[in-house]
Number of protein chains: 2
Amino acid sequence: MNQRKVSIKEIAELSGVSVATVSRVINNNGRFSEETRKKVLQVIKDTHYETNNIAKSLRMKKSNTIGILVPDISNSFFANVVQEIESILFKKGYSTIICNTDRNEEKEEAYLRMLEGKMIDGLIVISGVKEFGSTAINKKTPLICIDRKPKDTKSTILIESDHYQGGFLATEELISKGCHNIAIIIHRDFLSSSKERLLGYQNALKKYQIPFKEENVIHVTVEEKMSRTEAAKAALLQKISEGYQFDGVFALNDRLAIGAIHAILDLGKKVPEDIKVVGFDNDPISKYCYPCLTTIRQDNMLIAEQACENLLALIDGTRKDMKKHQVIPVTLVSRAST
Amino acid sequence: MNQRKVSIKEIAELSGVSVATVSRVINNNGRFSEETRKKVLQVIKDTHYETNNIAKSLRMKKSNTIGILVPDISNSFFANVVQEIESILFKKGYSTIICNTDRNEEKEEAYLRMLEGKMIDGLIVISGVKEFGSTAINKKTPLICIDRKPKDTKSTILIESDHYQGGFLATEELISKGCHNIAIIIHRDFLSSSKERLLGYQNALKKYQIPFKEENVIHVTVEEKMSRTEAAKAALLQKISEGYQFDGVFALNDRLAIGAIHAILDLGKKVPEDIKVVGFDNDPISKYCYPCLTTIRQDNMLIAEQACENLLALIDGTRKDMKKHQVIPVTLVSRAST
DNA sequence: TTGTAAGCGTTATCAG
DNA sequence: CTGATAACGCTTACAA
């Protein structure tokens, strides 16, 4: 019962027509009689014929495939966005090649070459490390960036969350719950997203006339083999041991926030009674930690939708009024930690 | 500076040789003079030529692409395994098409058709729902299953964790910490992995001469729009309200375990002092919840390695002594919850 | 309405 | 050592 792979040519022979006609029927393209249509379709059914997309791609110079570059698929934010993108594109008839770059520039470069060889119709780069000026795919391949823009700052479209708003909302939440002395925990301060979040924090303070103090900014560096959570915990404990006092924490992501909570609990204080905590990302762990973590939710779904929509428009050439920088609103998810 | 895509033919012309020779040089295949080699390579470099893998695949009937079917990429176990597989295969020169099936049989079927059209060289199915007997890819496409075997039970290779051992270790841990009355929380009891874990639980009890009681088995059903965690918490609270007593919990996955912990804490009891808890999977949340969760770690890395190794052997035809059922050991990760 | 044939970019066979 | 050329499976003018 092991049917060999059957080609359009054999369908033609079995149906008593030419390959051209079969092709027309398959693609519902051009004219043919109802009779031949029926016959061809029947033969296709019988033989379990499936179009060879490789050949089709070669001929059409279109692969119906798009590439996604992602730094780390096991990060929940990335995983979610990718999953959503994949799902949307699938419905549109595109398949997706997901490339996990490990934030490694060489790997990224290698993937780009591979993708080019596969004649991808478009590319989505999430938080990419590489500047795309010199790369293999600098041609006309439609490109959308999410979360971070490559240095080659020309005309590529960037889609990202409203990090400023996120910082503002998080801080406002703490203030509204009575905090006056709010620590902010930052990991990668060079990221534009981090800077925006910090700015939101500062402006929220200003709005409520709370002075911004430099000593409230806690920078954590994550050593090799150490998680962000551990690093944040250690940094906070260190600072406290030096006499630092505070009544609220805004951590720039949920992993850091959990670290802060652990530190606080270890000292015998209570969250949220003694100190309140807000994170960022709405990582699943924020729902499962104890106490549950108030956090800022990025709209992964909308980011994905917008990325796909723009990319497809770019591919189809129906590029109307696409903004170069698209900012997606975030929302506060209020939980037990505040 | 926008170079059009350049083909082997143009390389030939620019180098003053034939396409055949260029092909030979590129693939280091056949004989050619050092001189021509140098010239051709130089032209390739100058023009930024990149092989068109679509054309190559068509000709070679080999795409150097493998497909992965995965139920849910945002599940940490799956995400990890997929990530690892992708990384290994990439090093071997294969690219990977990751297909997220959402446990949806139609989507799975559609993906299989798509993958066939892409002439994939091999397929890895993680916890698949479909029986592959009738499907598009029943040909000779090499196939490896992870975690669950499709019904069509013929000769496909299955790689999975030692679920029995996991159940045993988890239960033994609880017993060794003084538990005598251990609840077991089960979600999908029809899965063979669940059955094995239960069996391990029972045999561990037997080893320590603790009688197995049916009332200790808590089945949770997860309603639409409810997380496993919430469902487990609700189920446990319900049971307790009926007067049920216990001093330890073995939950068949970490999400369920977290639910149990939340239930226990809500009742004013302490973990691990009053009740101890063990989960399964070593989900990242197990490290970040409070208290941190003792759990069973599946060896994702080894599973991935073994899957790739077997698949590549199948593809190359160097299929020596491959066992049809390969069982990967698991380990206990002891944390605060016990 | 249908068939013929060219061509997409490669590799492999067969002569030279 | 190198060059023509067929073939991979498909789409699409152009003819009929």
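Bear in mind that the values here come from a model prediction, so they are computed numbers and not experimental data. Chain naming here is simple, since letters A, B, ... match the order of the sequence lines and numbering starts at 1 in each.
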I'd like to know if the side chain of Ser63(A) and the backbone of Met119(A) have a donor-acceptor N/O pair within less than 3.5 Å. yes

Heavy atoms, side chains only, cut-off 4.5 Å: are Asn53(A) and Asn64(A) in contact? no

Report the C-alpha separation of Ile85(B) and Ile146(B) in whole Å, then their side-chain angles, then the decisive distance to 0.1 Å, and conclude whether the side chain to side chain contact (heavy atoms under 4.5 Å, CB included) test is met. CA-CA 11 Å; Ile85(B) 290 175; Ile146(B) 293 178; 4.0 Å; yes

Figure out the CD/P separation between Glu35(A) and dT2(C), and round it to whole Å. 8 Å

Given that Arg37(B) and Ile54(A) both sit by DNA chain D, which one's nearest nucleotide is further toward the 5' end? Arg37(B)

Just jot down the side-chain hydrogen bond (donor to acceptor under 3.5 Å, both in side chains) partners of Asp147(B), sequence neighbours excluded, or say none. Ser127(B)

Mind grabbing the angle between the end helix axes of the helix from dT1(C)-dA16(D) to dG16(C)-dC1(D)? Five pairs an end, 10° rounding. 50°

Strictly below 4.0 Å, N to O, side chains only: are Glu34(B) and Arg37(B) in salt-bridge contact? yes

Check Ile144(B), Ile88(B), Ile303(B) against Cys308(B) for a side-chain contact (heavy atoms from CB on, under 4.5 Å) and give me the one that passes. Ile88(B)

Table of protein N/O atoms under 3.5 Å from nucleotides 12-16 of chain C N/O atoms:
residue, atom, partner, partner atom, Å
dA12(C), OP2, Asn29(B), ND2, 3.4
dA12(C), O4', Arg59(B), NH2, 3.1

Between Lys61(A) and dG9(C), is there a side-chain N or O to OP1/OP2 distance below 4.0 Å? yes

Sequence neighbours excluded, the answer for side-chain hydrogen bond (donor to acceptor under 3.5 Å, both in side chains) partners of Lys62(B) is Tyr94(B), Asp121(B)

For atom CG of Leu58(A) and atom P of dG7(C), their distance in whole Å: 14 Å

Tell me: CG of Asn52(A) to C1' of dG9(C), nearest whole Å? 14 Å

Any residue meeting side-chain hydrogen bond (donor to acceptor under 3.5 Å, both in side chains) with Asn300(A), in chain and number order, not counting sequence neighbours: none

Glu109(A) with Arg113(A): basic N within carboxylate O range, under 4.0 Å: yes

Under 4.0 Å between a side-chain N or O of Ser18(A) and OP1 or OP2 of dG3(C)? yes

How close or far is atom P of dA5(C) from atom NZ of Lys9(A), stated in whole angstroms? 13 Å

What integer distance in Å separates Asn53(B):CG from dT10(C):P? 9 Å

Would you indicate, yes or no, if dG9(C) has its OP1 or OP2 atom less than 4.0 angstrom from a side-chain nitrogen or oxygen of Lys56(B)? no

OP1 or OP2 of dC8(C) sitting under 4.0 Å from any side-chain N/O of Ser57(A)? no

Using chain B heavy atoms and a threshold of under 4.0 Å, write down where along DNA chain D the contacts begin and end, 5' to 3'. dC1(D) to dG9(D)

Given side chains that start at C-beta, do those of Gln306(B) and Asn310(B) come closer than 4.5 Å, heavy atoms only? yes

May I ask you to test the His163(B)-Gln298(B) pair for a side-chain heavy-atom distance under 4.5 Å? yes

Send over the distance from Glu50(B) CD to dG9(C) P, rounded to a whole Å. 15 Å

